[in-house]
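Notes for the one structure printed next.
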Amino acid sequence: MHDLALQKPGLVGRMFRSLKLPLSDPFAVFGLAVYATFLLTAIFADAIAPYDPTEILYTPEYELASDLRPGEQGFILGTTSLGRDIFSQIVYGTRSALIIGITAAFMVALIGSVVGLVSGYFGGWVDAVLMRLADIAFGIPFLPFVIVLAAFLEPSIWNVVLAMALVLWRDTGRVIRSQVLTLRSRGYVDAARVCGSSDLKIILRHIAPNILPLSFLYGSIAIGWAILTEASISFLGFGDPQSISWGYMLQDAFASQALAKQAYYWFVPPGICIILVVSAGFFITRGYENLLFPKLGR
Amino acid sequence: MSHLKAVASRTLQLALVLWAVVTILFLMFRLMPGNPMAAYIDPTFTVEQQQALMAQFGLDKPLWEQYFIYLGNLLQGELGQSFRYREPVAERIFALLPNTLILTFSSLFVAYAFGILAGAYLAWRRGSAVENAAIPLVLMTRAMPEFWLGMVLLAVFSFWLGWFPAGGTRPAGADYDSLWALYTSRDFLSYLALPALTLAIYSQGLPLLLMRSNMLDVMKEDFVTMARIKGLSNWTVVVRHAARNALLPVMTSFAIAVGYQLQGNVVVESIFSWPGLGRELVNAVSASDYPLAQGAFLMIAVVVILMNLIADMLYALLDPRISHA
């Protein structure tokens, strides 16, 4: 019976532990709390939002509920010029922000990690080719690239994810490569090789777990980048008109003269939400840096 | 000697990157859905114009041949005709470039002057309440969408207080003898203020954080301890000995920042109707003006790549310890 206690924790548990969440840093905990709040909001958006975000609403007197200030007629954050509920748009905007942020970050972290692992572990011409590709990716101005891509593709939130996957793996890839370079000459890697482990097994069992926190770190930066990029693209009018996002709200507000009308309740909240999510990523990153590079002593 | 060789090999490498970007651009614009000629020929062009462009870009030839014609044209600065403006793309782009560069450099000068001073100050006040409050605040400015910041500044300073005009570079109807007269006029400065401030608030974070962490590193170095032992005043130690050395990497980051700034320009120029490359790119893409979109993208990419090269060279020049292995 007692060998049950010696049993290794399950795969999920081990993965979670190897992420080394920075729970001792107050800012990082704040960041994780912000993530958790927005995640819950996104999941339960249907229950939280009082209205459909695209529905045109009317007052009990059957007048268009347009340009109402916060609190008027029971609208928490007021309404847009077309009579849509701003609070409901914010809530649903959380959903598209997180979907884009998480998928794009996952792609960036995955591609960057694979490139970094392969490049650093095998070296030679594989490394040379991959790093030249990274150089090229560094030469592509990212936002203009997304805009040009939007010219040829149907307007969709996935354009941002695609563009990020094509271009932004470069930073993650380079950092992970240099980390792998120091890892591959460690004693335990040599030991595994002597024992006859295949390259694949060495990479997956002995090297990949050690770079997982770095991947996660770059992933959390990428979430912020994706959300900011999506907001910029939607704002410039290349987003998906069918889905409500914070960038779309800002574009709607800008085009509807919200600035001249001094309708701060309309364009300030989406901006604050973006700042909260993106800076949450930064705070988590900082927590990681303290954990991964304690010598920096920030 | 190895120095010169390193610069040459780096230049060659970036020339290759430029070639790759140019090729990607070619493929994107030629392989797009629809008529392959749409990249250069608008149906409303006259028959003579269409034929002239067909011949110039070899649009009736196979793709690989078009590619070499495209490269040849590029080398001569030939980018085709804009659909909307009915004028050569290259002319249009070079006319807009000064506006973009003025906006970029003026905002970056403000951002770096502020960032360097504030970063040095925060390093000096390490562990104080000011530092604890300032660092998260600076990180927040990095998390702001630049166009949103522009919107808030516009709403407050232009629409509410009426201190600055809402967009453009000159009052309606105003005419200037030369571009120089425009750029040195008072009106121009009032138009420049808000977009430059928007970009400066966003960009000050990089020099600030860099300067601060470099200062913290340098303050631990032996020569700083030595200066203290010699009995030099606090001011002399911090400014003459530490800050000068901490400044080097911050200065090299300037070139990189120019490249990043050009991306932010795309949205900020659109908000403030600033007639620059970024806004032109957005308008060209919305209006399916492919030659102009291609040209604006290429120009931005060239500046980004050039700035990467300058950053590399400055880095090696300012810090001879960097090896070129």
Side-chain angles (χ1 to χ4, degrees), chain A residues 27 30 132-133 135-153 166 224 227-233 235-238 246-247 250-251 253-254 257-264 267-268 270-272 274-283 285-286 296-298, chain B residues 13-14 16-18 20-21 24-25 28-29 31-34 135-136 139-149 151-152 154-156 158-160 166 212-213 216-217 259-260 262-267 270-271 277-278 281-282 284-286 288 290 293-294 296-297 300-301 303-305 308:
Chain A
F27 279 111
F30 169 77
R132 287 302 80 74
L133 281 178
D135 280 344
I136 293 169
F138 271 105
I140 293 177
F142 177 59
L143 197 57
F145 179 71
V146 188
I147 292 170
V148 171
L149 211 60
F152 301 129
L153 304 173
L166 285 174
I227 291 172
L228 284 174
T229 309
E230 190 279 333
S232 305
I233 292 299
F235 180 76
L236 293 172
F238 301 118
W246 295 330
L250 290 170
Q251 188 237 347
F254 189 69
Q257 309 292 323
L259 305 191
K261 288 178 197 157
Q262 296 286 295
Y264 295 97
F267 62 85
V268 170
I272 301 221
I274 296 174
I275 295 176
L276 275 177
V277 181
V278 177
S279 59
F282 289 166
F283 291 142
T285 313
R286 256 164 63 87
L296 288 180
R298 267 173 248 251
Chain B
Q13 207 178 339
L14 284 173
L16 281 175
V17 169
L18 189 60
V21 171
I24 291 171
L25 205 58
M28 266 173 86
F29 278 82
L31 298 181
M32 69 189 167
I135 296 297
L139 286 176
M140 292 271 201
T141 65
R142 304 279 303 159
M144 267 183 212
E146 286 151 294
F147 65 89
W148 178 77
L149 182 61
M151 283 170 77
V152 173
L154 259 182
V156 174
S158 180
F159 287 105
W160 182 42
R212 174 176 160 277
S213 70
L216 293 178
D217 285 347
Y260 274 103
L262 284 179
Q263 305 193 15
N265 277 358
V266 173
V267 273
S270 296
I271 284 267
L277 277 181
L281 175 72
V282 171
V285 168
S286 327
S288 304
Y290 297 119
Q294 204 174 348
F297 182 91
I300 294 173
V303 178
V304 169
I305 292 171
N308 284 352

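Keep in mind the model is a prediction, meaning the values are calculated, not measured. A note on names: the letters A, B, ... follow the listed sequences, proteins ahead of strands, and every chain is numbered from 1.
Between chain A and the residues B:Ala143, B:Pro136, B:Pro145, B:Ser270, the largest count of heavy-atom pairs under 4.5 Å involves B:Ala143. Of the listed residues A:Pro144, A:Gly247, A:Ser279, the one with more heavy-atom pairs under 4.5 angstrom with chain B than any other is A:Pro144. Counting heavy-atom pairs under 4.5 Å between each of B:Leu25, B:Ile271, B:Leu281, B:Ile135 and chain A puts B:Ile271 at the top. Per-residue heavy-atom pair counts under 4.5 Å with chain B were compared for A:Ile233, A:Leu143, A:Ile140, A:Val277, and the maximum is reached by A:Leu143.
In this structure, chain B has heavy atoms under 4.5 Å from both the backbone and the side chain of A:Val268. Heavy atoms closer than 4.5 Å to chain A are found nowhere in B:Leu149, neither backbone nor side chain. No part of B:Thr141 comes within reach of chain A, as not one of its non-hydrogen atoms sits under 4.5 angstrom from that chain. Of the atoms belonging to B:Val282, heavy atoms from both backbone and side chain fall under 4.5 Å from chain A. A:Phe254 touches chain B through backbone and side chain together, each having a heavy atom under 4.5 Å away. With a 4.5 Å cut-off on non-hydrogen atoms, B:Ile305 touches chain A through its side chain but not through its backbone. Of the two parts of B:Leu16, neither the backbone nor the side chain holds a non-hydrogen atom closer than 4.5 Å to a non-hydrogen atom of chain A. Proximity to chain A involves both the backbone and the side chain of B:Val156, based on heavy atoms less than 4.5 angstrom apart. In this structure, chain B has a heavy atom under 4.5 Å from the side chain of A:Phe238, while its backbone stays farther away. When heavy atoms are compared at a cutoff of 4.5 Å, B:Gln13 approaches chain A solely by way of its side chain, counted from C-beta outward.
Contact of the B:Phe297 side chain with the B:Val21 side chain is registered, since non-hydrogen atoms from C-beta on lie closer than 4.5 Å. Taking 4.5 Å as the limit, some side-chain heavy atom of A:Leu149 sits within range of a side-chain heavy atom of B:Met28. When side chains are defined from C-beta on, B:Trp148 counts as touching A:Ile275, because their heavy atoms get closer than 4.5 Å.
Listed by chain and number, the residues in a ring-ring contact (aromatic ring centres under 6.0 Å, His included) with B:Phe147 are A:Phe235 (sequence neighbours excluded). The side-chain contact (heavy atoms from CB on, under 4.5 Å) search around A:Leu276 returns A:Phe30, A:Val34, A:Phe38, A:Ile272, not counting sequence neighbours.
Partner of A:Pro141 under the side-chain contact (heavy atoms from CB on, under 4.5 Å) criterion, out of B:Leu262, B:Val303, B:Ile300: B:Ile300 alone.
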Hey, mind stepping through A:Ile136 and B:Ile24 against side chain to side chain contact (heavy atoms under 4.5 Å, CB included) and telling me if it holds?
CA-CA 10 Å; A:Ile136 293 169; B:Ile24 291 171; 4.1 Å; yes

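When all heavy atoms of B:Gly259 and B:Val304 are compared, the closest pair comes out as O-CG2, 3.8 Å.
Between the side chain of A:Trp246 and the backbone N or O of A:Glu230 there is no donor-acceptor pair closer than 3.5 Å.
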